[in-house]
2 protein chains.
Amino acid sequence: MAAIGFDPHDHSACISSTLRQAETYCAEHKLKLTPIRRRALEILLAEHRALGAYDLLSHFAAEGLGSAPPVAYRALDFLTSAGFAHKIEGLNAYIACAHLGSDHAPAFLICTACKSVAEAETEASDGRLGAAARAAGFQIDRIVVEALGLCPTCQDAA
Amino acid sequence: MAAIGFDPHDHSACISSTLRQAETYCAEHKLKLTPIRRRALEILLAEHRALGAYDLLSHFAAEGLGSAPPVAYRALDFLTSAGFAHKIEGLNAYIACAHLGSDHAPAFLICTACKSVAEAETEASDGRLGAAARAAGFQIDRIVVEALGLCPTCQDAA
DNA sequence: GTCGTTGATGTTATGATATAACAATGGAGT
DNA sequence: ACTCCATTGTTATATCATAACATCAACGAC
């Protein structure tokens with residue numbers, strides 16, 4: 001389980017690299033990474049934490065892009081459908097995917113204090129829950145695995 | 001992983017038995033299962049599916065209990081803190097606990113069509129996520145594991 | 001007993017999250 | 001040039017949740 005964690009790292013490199021991957025993916029799958037969608041992804045990548053739809057929207061507004069809620073929700077829908085971003089249910093917030101390219105069932109460690117998020121790839125709960133689902137005849141569309149708590153930094157601050 | 005699933009069963013028996021367990025637990029832990037809290041639990045148990053706070057509230061209103069949102073949210077806060085109910089993050093809804101008594105990390109199979117919910121006890125993701133968390137120095141307060149999809153009945157209906 | 005504390009409830013108002021519905025635009029393919 | 005259809009713009013509204021403060025009842029200290 002490779003976790004991209006709470007350690008500092010080179011943001012600008014991971015931003016540009018992820019954007020390139022997203023462009024490639026869109027080209028291959030006939031999806032359109034329009035300016036507003038691309039900008040949404042850039043913002044999520046730059047923040048590197050979970051942002052609410054309205055947080056994203058105020059970035060848009062500040063930049064002269066659309067400022068009504070559907071603008072943000074549509075961009076987020078696109079990004080999440082394409083797998084470029086994930087919704088953090090426990091925070092009603094959204095974050096750029098940290099494992100673009102791998103078809104994964106994400107699991108998150110979420111700091112409720114600073115809203116930073118570590119994304120881990122999981123097969124575990126897929127396996128167990130998947131087994132329970134098969135036994136029950138349940139058809140899984142989406143899996144949510146989130147651990148809410150405090151990151152090392154916020155523990156120290158407390 | 002024992003799942004209480006989508007099969008029919010004796011509701012009235014599981015309602016009264018769970019209420020008795022809740023009463024016992026409250027007595028032991030000096031918690032007050034006040035009329036409105038008790039009624040909230042009864043309603044959740046009777047519905048046997050995820051209810052929104054405002055769904056619960058309309059039951060209250062119909063019965064002459066408080067009808068302002070905080071009434072429902074306070075009852076739900078109490079029930080979830082005590083472990084008598086769980087929040088389903090994927091639906092912004094609440095459901096009675098199906099494993100009262102065991103100190104568990106719940107996992108859910110959630111039908112997005114009819115909102116019925118199967119609760120399974122999980123150790124799996126606790127183990128994996130817990131390991132990742134320890135490695136990262138992350139302090140887990142709460143774990144959310146939810147599989148969203150279609151129950152057997154709603155698959156047939158589709 | 002009565003006083004003060006504490007926790008529960010009632011109530012108003014507001015904040016935060018999300019979507020419905022429809023109009024306008026603009027590019028891709030013919 | 002035209003049509004189709006996805007995208008975007010915009011208004012309005014639905015849905016979920018909490019802040020803040022008043023009231024009230026239970027209970028222990030004295």
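Numbered from 1 within each chain, the chains take letters A, B, ... in sequence-line order.
Put simply, CG on B/L76 is 15 Å from C1' on D/dT15, counting in whole angstrom units. We find that CG of B/L91 is positioned 13 Å from P of C/dA18, with the value rounded to whole Å. Whole-Å rounding puts the B/L33 CG to C/dG7 P distance at 18 Å. The CG atom of B/L56 sits 17 Å away from the P atom of D/dT15 (whole-angstrom rounding). In this entry the distance linking NE2 of B/H29 with P of C/dG7 reads 18 Å, nearest Å. Here the P atom of nucleotide D/dT8 and the CZ atom of A/F60 are 10 Å apart, to the nearest Å. For the pair B/L51 CG and D/dT15 P, the interatomic distance rounds to 15 Å; values are reported in whole Å. In this structure, the CZ atom of B/F78 is 9 Å from the P atom of C/dT9, given to the nearest Å.
Note on A/K87 versus B/E89: no salt bridge recorded, every NZ/NE/NH1/NH2 to OD/OE distance being 4.0 Å or above. Using a 4.0 Å cut-off between charged nitrogen and carboxylate oxygen, B/E42 and B/R39 count as a salt-bridge pair.
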Original post:
Given the rule in the side-chain contact (heavy atoms from CB on, under 4.5 Å) test, do A/F78 and A/L33 qualify, once you have shown the distances and angles that lead to the verdict?
Top reply: CA-CA 9 Å; A/F78 173 83; A/L33 191 62; 4.0 Å; yes
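When distances run from any side-chain atom of B/Y73 to the nucleotides C/dA18, C/dT9, D/dT18, the shortest one goes to D/dT18.
The nearest pair of heavy atoms linking B/L79 to B/R37 is CD2-O, 3.9 Å. Across all non-hydrogen atoms, the minimal contact from A/Y54 to A/P69 is OH-CG, 3.3 Å.
Distances shorter than 4.0 Å separate none of the side-chain N or O atoms of B/N92 from OP1 or OP2 on C/dT17. Under 4.0 angstrom from either OP1 or OP2 of C/dT17 there lies no side-chain N or O belonging to A/Y94. Between D/dT7 and A/R37, a contact under 4.0 Å exists linking OP1 or OP2 to a side-chain N or O. Residue A/K87 has a polar side-chain atom (N or O) positioned under 4.0 Å from OP1 or OP2 of C/dA18. A sub-4.0 Å separation between OP1 or OP2 of C/dG10 and a side-chain N or O of B/S67 is absent. Look at B/K32 and you won't find any side-chain N or O under 4.0 angstrom from OP1 or OP2 of D/dC27.
Map A/P69 and A/R74 each onto its nearest nucleotide of DNA chain D; the residue landing nearer the 5' end is A/R74. Judged by closest nucleotide on DNA chain C, B/L65 is the one of B/Y54 and B/L65 placed further toward the 5' end.
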